[in-house]
Amino acid sequence: MSTKTLLLDGQTLRIDDVVAVAYAQPHEFEFELTLEARSRVARARQAVEDFVAQRRVVYGITTGFGAFCNRVIDPEQTAQLQRNIVMSHAVGVGRPLETPVVRAMMLIRANTLAKGHSGCRQTVIDLLLRMLERGVHPVIPRQGSLGASGDLAPLAHMALVLIGLGEAELGGQVLAGDVALAAADLAPLDLQAKEGLALTNGTTLMAALGALAVVEAENVAAVADLAGCLSLEALHGTPTAFDARLQAVRPHPRAVECAASLRRLLDGSTFVRDVHAAGVAGQGDSISEPQDPYTLRCIPQVHGACHDAVAYARWVVEIELNAATDNPLIFIDEHTGQVDVLSGGNFHGEPLAIAFDYLGLAITELGNMAERRL
């Protein structure tokens with residue numbers, strides 16, 4: 001099996017990359033950061049170390065978290081603070097996430113950190129990527145994320161293994177975190193300033209689930225169009241409702257595309273009826289129905305709207321894959337070298353949540369149409 005190399009730069013990761021890595025076997029991929037990403041990571045890390053050395057008040061770096069944001073932390077306690085945030089948030093419950101979801105999470109988090117605004121060391125990203133390469137998959141309970149402050153609990157369970165705690169699956173066995181690392185010839189980290197926060201704060205589980213769901217939804221939507229055409233043939237329906245002129249006077253793009261696809265699929269079919277071939281009928285003559293039921297006639301309108309929802313979800317997720325989603329974030333002016341640290345809300349899951357609700361409704365509608373045709 002040849003090994004593929006995927007370069008991460010925090011800016012160009014795509015859903016198809018995530019899906020390929022998620023379902024890959026250990027050692028199938030190698031991962032590297034681009035030189036530009038390494039430079040950004042190093043500069044942001046230097047800024048964090050300067051904050052600590054200068055005792056500058058920066059949330060989560062030289063202060064406590066949440067209600068303790070007004071409590072200054074001594075430099076000697078910085079490492080313990082970062083370790084504590086990982087351990088204190090690892091409180092998920094329920095069945096573990098499937099391995100492809102975990103692998104997608106690991107890749108997305110590494111890419112997020114590679115963006116160079118989080119302030120962690122290069123070694124943190126490298127360990128995450130080496131674990132992914134060698135098949136060390138943290139055991140992450142599926143329940144615990146609320147999304148309002150990102151995926152704190154699931155990410156904490158992922159981060160536990162990086163510090164030699166928690167559990168990980170390796171080669172089909174669930175092992176203690178430190179044992180799994182050792183078996184893969186890796187060593188745990190001692191987290192430094194900002195690193196526990198950088199690992200746990202963000203929308204990584206949401207983005208991972210979304211990336212996998214988008215591809216599944218695209219496949220479902222394509223199959224729904226095929227099934228609609230087969231149903232129309234089985235019921236001896238007419239493709240008249242898919243005429244391009246009908247779509248042109250209500251030009252929703254995905255409905256137009258859907259109708260065009262249906263026409264291509266049905267081109268040359270001998271199982272459809274031509275409503276224009278009956279000629280002139282006399283009063284009282286028995287004729288075939290001039291139009292089909294809604295679930296045949298309205299396929300472009302309903303399926304097209306569902307295709308819109310799928311396309312929107314892809315657009316949102318691909319933005320999120322290359323977003324900096326923890327807090328606070330570090331910004332360095334390329335020209336002046338000015339360093340600013342900004343507290344904000346990039347960790348909030350609402351952009352994804354609304355897209356996923358929309359996606360869920362759309363897939364349900366495809367199911368409703370198919371069930372009614374049956």
Side-chain angles (χ1 to χ4, degrees), residues 8-23 89 92-94 96-115 117-118 128 138 140-159 197-221 254 305-329 342-366:
L8 299 180
D9 61 6
Q11 299 172 347
T12 58
L13 185 65
R14 296 290 175 258
I15 285 176
D16 294 343
D17 299 324
V18 174
V19 173
V21 171
Y23 290 102
H89 284 75
V93 296
L97 293 167
E98 294 79 5
T99 297
V101 178
V102 175
R103 289 182 60 82
M105 284 181 66
M106 296 168 72
L107 177 65
I108 294 167
R109 198 67 203 161
N111 190 62
T112 295
L113 299 176
K115 200 166 183 69
H117 295 287
S118 299
L128 198 53
I140 303 175
R142 67 181 54 240
Q143 293 177 309
S145 175
L146 299 177
S149 221
D151 297 314
L152 294 173
L155 280 169
H157 282 278
M158 183 194 76
L197 194 55
L199 284 167
T200 57
N201 192 202
T203 56
T204 308
L205 173 57
M206 283 179 273
L209 290 170
L212 301 182
V214 162
V215 172
E216 291 178 355
E218 288 170 341
N219 291 337
V220 167
R254 243 63 67 183
C306 296
H307 287 301
D308 262 327
V310 177
Y312 178 66
R314 173 175 274 274
W315 177 70
V316 169
V317 170
E318 288 210 323
I319 291 173
E320 199 71 9
L321 295 182
N322 297 287
T325 56
D326 63 296
N327 182 62
L329 294 173
L342 305 178
S343 285
N346 280 9
F347 49 73
H348 204 291
E350 194 74 271
L352 291 165
I354 288 176
F356 296 162
D357 281 349
Y358 185 22
L359 180 63
L361 287 169
I363 298 304
T364 301
E365 281 301 283
L366 291 176

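Numbering of residues begins at 1 and proceeds along the displayed sequence.
A distance of 9.5 Å separates CZ in Arg314 from CZ in Arg14, rounded to the nearest 0.5 Å. We find the CG-CG distance between Leu199 and Leu152 to be 12.0 Å, quoted to the nearest 0.5 Å. A distance of 5.0 Å separates NZ of Lys115 from CD of Gln11, quoted to the nearest 0.5 Å. Summarising the geometry, atom CG belonging to Asp308 is positioned 12.0 Å from atom CG belonging to Leu359; distances are rounded to the nearest 0.5 Å. With rounding to the nearest 0.5 angstrom, the CD1 atom of Ile140 is 10.0 Å from the OG1 atom of Thr99. Here the straight-line distance linking atom CG of Leu155 with atom OG of Ser145 works out to 8.0 Å at 0.5 Å rounding.
Taking both residues in full, the closest heavy atoms of Pro328 and Leu197 are given as CD-CD2, 4.0 Å, listed atom of the first, atom of the second, then distance. Contact between Asp326 and Ala198 at its shortest, heavy atoms only, is OD2-CA, 3.8 Å. Here the closest non-hydrogen pair linking Ile108 and Ala207 is CD1-C, 3.8 Å. Taking all atoms of both residues into account, the shortest heavy-atom contact from Ser149 to Asn201 is O-ND2, 3.0 Å. Here the shortest heavy-atom pairing between Ala221 and Leu366 reads CA-CD1, 3.8 Å. Looking at every heavy atom in both residues, Ala153 comes nearest to Gly144 through CB-O, 3.8 Å.
A donor-acceptor contact shorter than 3.5 Å is absent between the side chain of Asn219 and the backbone of Glu216. Panel note: side chain Arg254, backbone Ala309; no donor-acceptor pair is recorded below 3.5 Å. Looking at His157, its side chain does come within 3.5 Å of a backbone N or O of Gly92 through a donor-acceptor pair. Although no hydrogens or angles enter the test, the distance criterion places a donor-acceptor pair under 3.5 Å between the side chain of Glu318 and the main chain of Ile15.
Screening residues 143-159 for salt bridge (charged side-chain N to carboxylate O under 4.0 Å, His left out) gives no qualifying pairs among residues at least two apart or on separate chains.
Inter-residue side-chain proximity for Phe356 and Val317 is flagged as met; some heavy-atom pair is nearer than 4.5 Å.
Evaluation of the side chain to side chain donor-acceptor pair (under 3.5 Å) rule for Asn327 yields no partner, not counting sequence neighbours.
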Item to complete: Tell me, with the steps shown, if Met105 and Leu97 meet side chain to side chain contact (heavy atoms under 4.5 Å, CB included).
Response: CA-CA 10 Å; Met105 284 181 66; Leu97 293 167; 3.9 Å; yes

Item to complete: Could you walk me through whether Met158 and Leu128 pass the side chain to side chain contact (heavy atoms under 4.5 Å, CB included) test, one step at a time?
Response: CA-CA 9 Å; Met158 183 194 76; Leu128 198 53; 4.2 Å; yes

Worksheet item: Taking it one step at a time, do Leu8 and Leu107 satisfy side chain to side chain contact (heavy atoms under 4.5 Å, CB included)?
Response: CA-CA 9 Å; Leu8 299 180; Leu107 177 65; 4.0 Å; yes

Discussion item. Please determine whether side chain to side chain contact (heavy atoms under 4.5 Å, CB included) holds for the pair Arg109 and Thr325, giving the CA-CA distance in whole Å, both sets of side-chain angles, and the decisive distance to 0.1 Å.
Written reply: CA-CA 9 Å; Arg109 198 67 203 161; Thr325 56; 3.4 Å; yes

